[in-house]
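Residue numbers run from 1 in the order of the sequence given. What you see is a predicted model; the values in this text were computed from it and never measured.
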Amino acid sequence: MRRPVIALTALLAASLAGCGIGATGPAPAGPPASGLRHPGSADYYAQLYFVSPFGMQAVARRVKSPVGPQQALDLLLAGPDPAERARGLITEVPAMPGRPTATAGAGAVDLYLPVPVAQMNGGGLGVSQLVCTAAGAEVPGGKQPPAVDVRVHEAHTQGTWTVRCNAAGNVIPVPSPT
């Protein structure tokens, strides 16, 4: 019984004696960190929504200054850039006679479609892309999705309908106040 206790004590003493790190000074570790922002600089991103094999996907694209809803729509309508296409992202916004336009108000966006949604070929995901991209732009009043109301105006139809874009890129109807 005495031998196992002595062996265990010797093993414990050896393990506690040191961790194998010698006393050395500082060692060079390579070049300084890169990719960090300089103090006082700002990076701006436009949040665009494209379609992946798994559904809607938000993309943060670097821009030179903050973008409003119309500038964000223009970037969306230009389609995915090469890096986004390489990741399998596509657009489902159909070709239309005319361009969708958007204007921002206090905490809301008015989205004007040049054709009724019913006439947009396979436009369900395309409309979601337009709505979520417009909602994700800089809007006066400091609201951000999902708190931004998007009032959709369809050409040649009466009235508007109001929706919001949730964090998953789904378009959710906003109940009327009555």
Side-chain angles (χ1 to χ4, degrees), residues 37 40-178:
R37 296 186 313 152
S41 68
D43 290 331
Y44 300 105
Y45 295 90
Q47 185 168 329
L48 311 176
Y49 283 81
F50 291 109
V51 178
S52 78
F54 306 105
M56 293 280 288
Q57 183 172 344
V59 172
R61 190 181 293 175
R62 187 178 291 224
V63 292
K64 295 181 186 206
S65 61
V67 298
Q70 186 59 54
Q71 293 92 351
L73 284 182
D74 292 341
L75 291 170
L76 174 71
L77 294 171
D81 66 19
E84 294 158 352
R85 281 193 301 277
R87 293 188 346 236
L89 300 177
I90 61 169
T91 184
E92 290 288 333
V93 177
M96 294 177 261
R99 290 177 73 79
T101 59
T103 58
V109 175
D110 285 290
L111 175 62
Y112 298 89
L113 301 176
V115 295
V117 171
Q119 293 178 9
M120 295 172 67
N121 295 333
L125 281 174
V127 171
S128 295
Q129 285 181 260
L130 294 167
V131 166
C132 290
T133 297
E138 188 164 301
V139 176
K143 285 189 177 181
Q144 296 187 1
V148 176
D149 288 345
V150 178
R151 295 181 292 258
V152 181
H153 306 264
E154 299 176 72
H156 315 297
T157 62
Q158 297 294 328
T160 62
W161 38 283
T162 304
V163 293
R164 289 185 177 165
C165 181
N166 69 13
N170 298 314
V171 175
I172 310 295
V174 175
S176 64
T178 57

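The side chain to side chain contact (heavy atoms under 4.5 Å, CB included) with Pro69 is formed by just one residue from the set Asp110, Thr133, Leu130, Val109; it is Val109.
For the atom pair CG (Asp149) and SG (Cys165), the distance works out to 12.5 Å, reported to the nearest 0.5 Å. Atoms CZ and CE, from Phe50 and Met56 in turn, are 10.0 Å apart once rounded to the nearest 0.5 Å. Put simply, NE2 on His153 and CH2 on Trp161 are 10.5 Å apart, with the number rounded to the nearest 0.5 Å. To the nearest 0.5 angstrom, Leu113 atom CG is 8.5 Å from Thr101 atom OG1. One distance of note links CZ of Arg87 with CD of Gln57; it measures 5.5 Å at 0.5 Å rounding. Taking CG of Leu111 as the reference point, atom OG1 of Thr160 lies at 11.0 Å (rounded to 0.5 Å).
The side chain to side chain contact (heavy atoms under 4.5 Å, CB included) search around Ala60 returns Tyr45, not counting sequence neighbours. Applying the side chain to side chain contact (heavy atoms under 4.5 Å, CB included) rule to Pro146 yields no partners; only residues at least two apart in sequence or on another chain are considered. Among residues two or more places apart in sequence or in another chain, the side-chain hydrogen bond (donor to acceptor under 3.5 Å, both in side chains) test is passed with Arg85 by none.
For Tyr49 against Gly169, the heavy-atom pair with the smallest separation is CE2-CA, 3.9 Å. Ala108 and Val148 get closest at one heavy-atom pair: CA-CG1, 4.2 Å. Residue Gly88 comes nearest to Pro53 through the heavy atom pair O-CD, 3.9 Å, listed as atom of the first residue, atom of the second, then distance. When every heavy atom of Val139 is checked against every heavy atom of Gly105, the shortest pair comes out as CG1-O, 3.4 Å. Heavy-atom minimum distance, Val67 versus Ala46: CG2-CB, 3.7 Å.
Between Glu84 and Ile90, the closest side-chain pair of non-hydrogen atoms is not below 4.5 Å. Two residues are said to be in side-chain contact when any heavy atoms from C-beta on lie closer than 4.5 Å; Pro100 and Leu77 meet this criterion. Between Val131 and Val152 there is a side-chain heavy-atom pair separated by less than 4.5 Å. Within the 4.5 Å cutoff, no side-chain heavy atoms of Val127 are placed close to those of Val171. Residues Arg62 and Asp43 have side chains in contact (heavy-atom distance under 4.5 Å, counting atoms from C-beta outward).
Of the possible donor and acceptor atoms, one in the side chain of Gln129 sits under 3.5 Å from a partner among the backbone N and O of Glu92. Under a 3.5 Å cut-off, the side chain of Glu154 and the backbone N or O of Val117 do form a donor-acceptor pair. No side-chain donor-acceptor contact under 3.5 Å links Gln119 to the backbone of Pro116.
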Inset, instruction - Step by step, work out the side chain to side chain contact (heavy atoms under 4.5 Å, CB included) result for Arg61 and Gln47. - result: CA-CA 6 Å; Arg61 190 181 293 175; Gln47 185 168 329; over 6 Å; no
Inset, instruction - For Ile172 and Val163, run side chain to side chain contact (heavy atoms under 4.5 Å, CB included): C-alpha distance rounded to whole Å, both residues' side-chain angles, the deciding distance at 0.1 Å, then the answer. - result: CA-CA 5 Å; Ile172 310 295; Val163 293; over 6 Å; no
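Remark: the Gln70 side chain and the Thr103 side chain contain no N/O donor-acceptor pair separated by less than 3.5 Å.
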